[in-house]
There are 4 protein chains.
Amino acid sequence: MDSKAKIITAARQLIYQNGYEATSISDIMAAAAVGKGQLYYYFKSKKDIGLAVLQQIVAEWDQQLVHGILAADQPAAPALTAMLAWVLDFHRQQDEHYGCPIGNVISEMSTKDEDFRVLLDQLMTAWTTALAVKLQQLTPVIAAKEAQVKAQTIIATLQGAILLIKVHQDIAPLEQAVNYLRQSVLQLEASR
Amino acid sequence: MDSKAKIITAARQLIYQNGYEATSISDIMAAAAVGKGQLYYYFKSKKDIGLAVLQQIVAEWDQQLVHGILAADQPAAPALTAMLAWVLDFHRQQDEHYGCPIGNVISEMSTKDEDFRVLLDQLMTAWTTALAVKLQQLTPVIAAKEAQVKAQTIIATLQGAILLIKVHQDIAPLEQAVNYLRQSVLQLEASR
Amino acid sequence: MDSKAKIITAARQLIYQNGYEATSISDIMAAAAVGKGQLYYYFKSKKDIGLAVLQQIVAEWDQQLVHGILAADQPAAPALTAMLAWVLDFHRQQDEHYGCPIGNVISEMSTKDEDFRVLLDQLMTAWTTALAVKLQQLTPVIAAKEAQVKAQTIIATLQGAILLIKVHQDIAPLEQAVNYLRQSVLQLEASR
Amino acid sequence: MDSKAKIITAARQLIYQNGYEATSISDIMAAAAVGKGQLYYYFKSKKDIGLAVLQQIVAEWDQQLVHGILAADQPAAPALTAMLAWVLDFHRQQDEHYGCPIGNVISEMSTKDEDFRVLLDQLMTAWTTALAVKLQQLTPVIAAKEAQVKAQTIIATLQGAILLIKVHQDIAPLEQAVNYLRQSVLQLEASR
DNA sequence: AATGAATGAGGGTTCATTCAT
DNA sequence: TATGAATGAACCCTCATTCAT
């Protein structure tokens, strides 16, 4: 792994656990075992690193979630179940609950830096849109607008549940939310 | 207003808009128009200020929400509607969407400082419990456990929706989530 | 005990253990259980407190040592032995060895504040002179100048030994120095 | 001279004259003509600087005194005389008498910071041991233990005399102590 | 590509002292 | 006598960034 990748990997982990502002350049240097020179050779500023980390996550979500699990050619019901499992599994694997890698940055950076916000906005919009498409596939009668609303509410429930597991340090809220959403999907499927 | 109150008020506003870590003692000093020594006369540390701010919000929510809107003697359906309006109205009044005063701190501080986390945990638990009681009043047949789960999911949806309005800088997600939750409540009421 | 005395007592203990500069007004306030107002009512500055503490110690040494143990009418040999015991006993009673209450302040303040230095100088001179008188009583043949020199060297040995017990945190060096000085005195006495 | 050395040199001088606590980082910065960041680039804390200064002095004393003047292969009597001269000459060169660079730190730091104390303890022990060896070379009949005691008392006398020149701002006490110790050595040499 | 020395603003905190009551 | 609120300079330290090599 080259220096640039090492830096991004280290920064990603640190930002996830401690937040963007609380992660110092020195922390990243130490974690990546990289000198100050290299860091400023590959990135022109700390913000640049933050953006690079964000873009990496966005790319992953785009690939795995938007163009993977929720891809147009996937059958709707299993896709929705898979999406819920994808979210739940990530948090099940964590010993300590640091919240959502994207949600955390939304909370910290959205009103502080427009570049961060735009990137996050695009990702969340892409997710919402892909999810809305699936919901429409599942229940073709509903209007596009309504599907969009439903998709957004599902995502909100997931994000909120992840926030709750962070305060309570207990995964139960997410388990329950996923259960509830799974049932909603099944009902929708049954009702068509 | 005395100095201590001025400090808390200033800090509360700054922490809400910029986060706890990003709010410097100097910022608070300037906003409260108070000297540095004064600040450390009333509070032994920055963390102390943060905790005081949090306790003030917790006290307000406890009074307005837990012991006000969701008080035991309030009829269930209007109480739930009032709760949703209480949340929605707050965010409707904001020009820029800084998210939830509590949710932001949950996201930033839960895994960084146990004292913050415990306070936030208690508030969210109190809210959940009070909401669960209302839900049971509305639909007496459901089990206490189920009501608790439902309550938590409702709160999750609200928190998540508030996070989404922060990324999108558009109140729509919260409007929609509140609409959706209002309908759920009406259905529950009708179904008993 | 009135406030003024409480302040001096508390300050004396703190200055002995931590030094003058390292003892803060707040420390003294806390230890004396006295408000800020009282402190600045009785003393016009921190230096004033330090000087008062010093004067108290000087007065005690003057009374106990210079005008007590080494008083003109005391027989020389027992006086010298008593002086050595007076020094040794003080340090034997300490659990942790903080050094000499006077020596510490000499080391810290002599070149920083002339008012402190003068006070300390006077005390040490008085001690030296009183001791020289005793030495002359013991061995009348020696010149006044020589007695003065001998006195100063004895005091030096004691002060140095107390410094050594502070580094080593072991009272042995002082025990040994006192032993040595006691023998010197006995020899002087025998040789006359 | 590189920055690190400049910092240590400046700090050494300041600590000698004003003490460790009374020497501020800003003072060192100004004296070394070095920026604040630079200081924390080379040293991780103020304590680190203090320890580095101490280690430099310890190294010098070890080299010049313990392994130089008092080296095993040096004839005893001249070595002792040289040691006394080494001490006296240092203080003769000073315009103002700031005391002993080591003794001052012993007095200030021994009971405040164990890391300082250990370093100082080691130096003083090394000096005592080396001096005891010389004393035994001079008077082979005396027991090792007795030599150790005698060595410690000699060092005590020197340290105490240096403390006295600090209060009195007059080098006489040290001159006299050295004279006295020189005679003691001569007597020992004559008596074998 | 890479090093690490240098910068200086700003972080939270403590300090001795003064003021109004 | 006594209180405690107010002041602002100074404390040690960390920060993101730049420079010379």
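The figures that follow rest on heavy atoms only: side chains count, while hydrogens, waters and symmetry mates do not. Numbers restart at 1 for each chain; the letters A, B, ... are given by sequence-line order, proteins then strands.
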Open item on the list: Just to be sure I understand the rule, does C/Y42 reach a base, reach only the sugar-phosphate, or reach nothing, if contact means heavy atoms closer than 4.0 Å?
Closed with: sugar-phosphate

Task: Sugar-phosphate, base or nothing in reach of D/G35, heavy atoms under 4.0 Å - done: sugar-phosphate

Figure out the [atom1]/[atom2] separation between [X] and [N], and round it to whole Å.
{"X": "D/K47", "N": "F/dC13", "atom1": "NZ", "atom2": "C1'", "result": "16 Å"}
{"X": "B/N18", "N": "E/dG11", "atom1": "CG", "atom2": "P", "result": "12 Å"}
{"X": "C/Y41", "N": "E/dC19", "atom1": "OH", "atom2": "P", "result": "18 Å"}
{"X": "B/I49", "N": "E/dT13", "atom1": "CD1", "atom2": "C1'", "result": "11 Å"}
{"X": "A/F43", "N": "E/dA1", "atom1": "CZ", "atom2": "P", "result": "14 Å"}

Task: Under-3.5 Å donor-acceptor pair between B/K36 side chain and E/dT13 base - done: yes

Task: F/dT21 and E/dA1, which share atom name C1', separated by this distance in whole Å - done: 13 Å

Open item on the list: Between D/K166 and C/E108 (salt bridge meaning N to carboxylate O under 4.0 Å), is one present in this structure?
Closed with: no

Open item on the list: So, OP1 or OP2 of E/dA1: does either fall under 4.0 Å of a side-chain N or O from A/Q38?
Closed with: no

Task: Closest approach of D/H97 to D/Q94 (non-hydrogen atoms, all atoms of both residues) - done: CE1-O, 3.8 Å

Mind checking ring pair (Phe, Tyr, Trp, His ring centres under 6.0 Å) for [X] and listing every partner two or more places apart, or none if nothing turns up?
{"X": "D/F43", "answer": "none"}
{"X": "B/Y20", "answer": "B/F116"}
{"X": "D/Y40", "answer": "none"}

Task: Residue whose nearest DNA chain F nucleotide is more 5′ - B/L39 or A/K44 - done: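 Closer to the 5' end of DNA chain F: B/L39.
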
- [ ] Return the 5'-most residue of the pair A/G37, C/Y40 with respect to DNA chain E, ranking by each residue's nearest nucleotide.
- [x]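 Residue closer to the 5' terminus by nearest nucleotide: A/G37.
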
TODO: By nearest nucleotide on DNA chain E, pick out whichever of D/V34 and B/K46 is the more 5' one.
DONE: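 The answer here is D/V34.
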
Atom pairs and distances, side-chain donor-acceptor, residues 1-9 of chain D, under 3.5 Å, sequence neighbours left out:
residue: D/D2; atom: OD1; partner: D/A5; partner atom: N; Å: 3.1
residue: D/T9; atom: OG1; partner: D/A5; partner atom: O; Å: 2.8

- [ ] Can you tell me which stems DNA chain F forms, taking runs of 3 or more consecutive Watson-Crick or G-U pairs with both distances under 3.5 Å?
- [x] E:2-21 with F:2-21

Open item on the list: The criterion is salt bridge (Lys or Arg N to Asp or Glu O under 4.0 Å); which residues satisfy it with C/K112, sequence neighbours excluded?
Closed with: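 In terms of salt bridge (Lys or Arg N to Asp or Glu O under 4.0 Å), with neighbours along the sequence ignored, C/K112 is linked to no residue.
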
Open item on the list: If the condition is side-chain contact (heavy atoms from CB on, under 4.5 Å), which residues does C/A31 pass it with, not counting sequence neighbours?
Closed with: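 Partners of C/A31 under the side-chain contact (heavy atoms from CB on, under 4.5 Å) test: C/A10, C/L14.
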
Open item on the list: Can you list everything that forms a side-chain contact (heavy atoms from CB on, under 4.5 Å) with A/Q13? Sequence neighbours excluded, please.
Closed with: A/Q17

- [ ] Using heavy atoms and a sub-4.0 Å distance, could you list which residues of residues 21-29 of chain B are near DNA chain E? By number, please.
- [x] B/T23, B/S24, B/I25, B/S26

